[in-house]
There are 2 protein chains.
Amino acid sequence: MPKGNCHGQGWWHGKFRGCGYRLTAGREAILDILSHEEGHLSADDIYIKIHPKYPSVGLTTVYRTLDVLSSLGMVYKLDFGDGRSRYEVAEGPKGAHHHHHLVCTRCNRIIDYTDFIDDEVELLNRTEKGLEKKYKFKITNHLIQFYGVCEECSGKA
Amino acid sequence: MPKGNCHGQGWWHGKFRGCGYRLTAGREAILDILSHEEGHLSADDIYIKIHPKYPSVGLTTVYRTLDVLSSLGMVYKLDFGDGRSRYEVAEGPKGAHHHHHLVCTRCNRIIDYTDFIDDEVELLNRTEKGLEKKYKFKITNHLIQFYGVCEECSGKA
DNA sequence: ATTATAAATGGAAATCATTTCCATTACGTG
DNA sequence: CACGTAATGGAAATGATTTCCATTTATAAT
Ligand SMILES: [Mn+2]
Ligand SMILES: [Mn+2]
Ligand SMILES: [Zn+2]
Ligand SMILES: [Zn+2]
């Protein structure tokens, strides 16, 4: 169990407790999948992955847990236009891994990118400050996605 | 009928024709609502607004038309997290009115903003160029939204 | 450890936006 | 005006998410 790994066991136990939520097997399982699996999973994806090991965790609970996690800011709920919500763990306490997305409108492939993030974040911070002042709007989050056609899809005429 | 107004009558007739689409009363009505009404309308919103004047236009046609418009790039399909898609006319030929959104996570209010757009667009162009090269990804569009709490919702403790 | 309490659960049923189907209508070329 | 085909509407299907409610379970108090 690596020292710096915040997703390993239970850094989030405290967060749950602190907010008055109880720790349950289902929640543990779901957070575990989210932190160890790559990609952008739908509720059903998660349900399927969990089911063999935890057959007692129902799809309803997956949805409910994702809501909780998302309201705690531990998970991002994303929409890539394929008709279902997809989820990914937010950065751990370290704040690392911040990234945005390229979305292929042909095949729905998603590419995470972190390039240019520094510039983007710098501008975002400036923009957010300005917007907060002008619109008296407390910004907590942002979403940036680029849409287009991926390399594979370009090939297919 | 103002001269510079591209949404007035039929600048899009040509676009439709050119792509092999037929002009129908329904399409005209829908595009008319979208270009003259403020805000971010859902398919159902549009259906309701159109119905009194064009009772013969069905909800299915509204969806179909929005798909076409959106595939032609004349309309943006947006998701603000309230469970339905919302639409707004893309900029006319003039290229004006480009804007992004602030989304209140409490009351779902949407604020259009154009401030800082210049800076943003400048960075976006740079970023897009870099991403296109690195990922061989042809970018056609981008989505930028800030989430947070609006002034009204802040008041309510 | 036992108990009490409210939170959490699963599974079936409900909801609701969007899509599919298909018989009918109507745009636009000639 | 007639024809071929795109477009339509309305009902039914779909599919993700939510709601309901009787049952289970985590946790704090005894
Ligand atoms: Mn990602
Ligand atoms: Mn807008
Ligand atoms: Zn693709
Ligand atoms: Zn608000």
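What's counted below: heavy atoms across the whole structure, side chains too, no hydrogens, waters or symmetry copies. Each chain gets a letter, A, B and so on, in the order its sequence line appears, and its residues count up from 1.
Within the nucleic acid shown, A:Arg22 comes within 4.0 Å of at least one base atom, counting heavy atoms only. Using a 4.0 Å heavy-atom cutoff across all strands shown, A:Gly26 reaches no nucleic acid atom at all. As judged by a 4.0 angstrom heavy-atom cut-off over every strand, A:Thr60 is placed among the base-contacting residues.
A salt bridge (charged side-chain N to carboxylate O under 4.0 Å, His left out) with A:Asp115 is found for one member of B:Lys134, B:Lys129, B:Arg126, B:Lys133 and no other, namely B:Lys134.
With hydrogens and angles left out, the side chain of B:Arg17 and the base of C:dG28 share no donor-acceptor pair within 3.5 Å.
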Apply side chain to side chain donor-acceptor pair (under 3.5 Å) to B:Tyr54 and B:Glu28, showing your working. CA-CA 11 Å; B:Tyr54 304 84; B:Glu28 208 138 359; over 6 Å; no
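In this entry the distance linking CG of B:Asp45 with C1' of C:dA17 reads 12 Å, nearest Å. If you take CZ of A:Arg84 and P of D:dT14, they are 16 Å apart, rounded to a whole angstrom. Going from atom CG of B:Leu23 over to atom P of C:dT29 covers 10 Å, rounded to whole Å. Between the C1' atom of C:dA8 and the CG atom of A:Leu66 lies a distance of 15 Å, rounded to the nearest Å. Taking atom CZ on B:Arg86 and atom P on C:dT18, their separation rounds to 9 Å, with Å as the unit. At whole-Å resolution of the value, CZ in B:Arg27 and C1' in C:dG28 are 13 Å apart. For B:Leu59 and D:dA11, the CG to P distance is 12 Å, given to the nearest whole Å. Atom CG in A:Asp44 sits roughly 17 Å away from atom P in D:dT14 (whole-Å rounding).
Toward the 5' end of DNA chain C, the nearer of the two residues B:Tyr21 and B:Asp67, judged by each one's closest nucleotide, is B:Asp67.
Under the 3.5 Å distance criterion, with hydrogens and angles disregarded, no donor-acceptor pair is assigned to the side chains of A:His142 and B:His100. Side-chain atoms of A:Ser70 and A:Asp67 include no donor-acceptor pair closer than 3.5 Å.
For B:Ser56, the side-chain atoms get nearest to D:dG9 when compared with the rest of C:dA17, D:dG9, D:dT17.
For C:dA17, the OP1/OP2 oxygens have no side-chain nitrogen or oxygen of B:Ser85 closer than 4.0 Å.
Checked for salt-bridge contact, A:Asp45 and A:Arg86 meet the test: a charged N lies under 4.0 Å from a carboxylate O.
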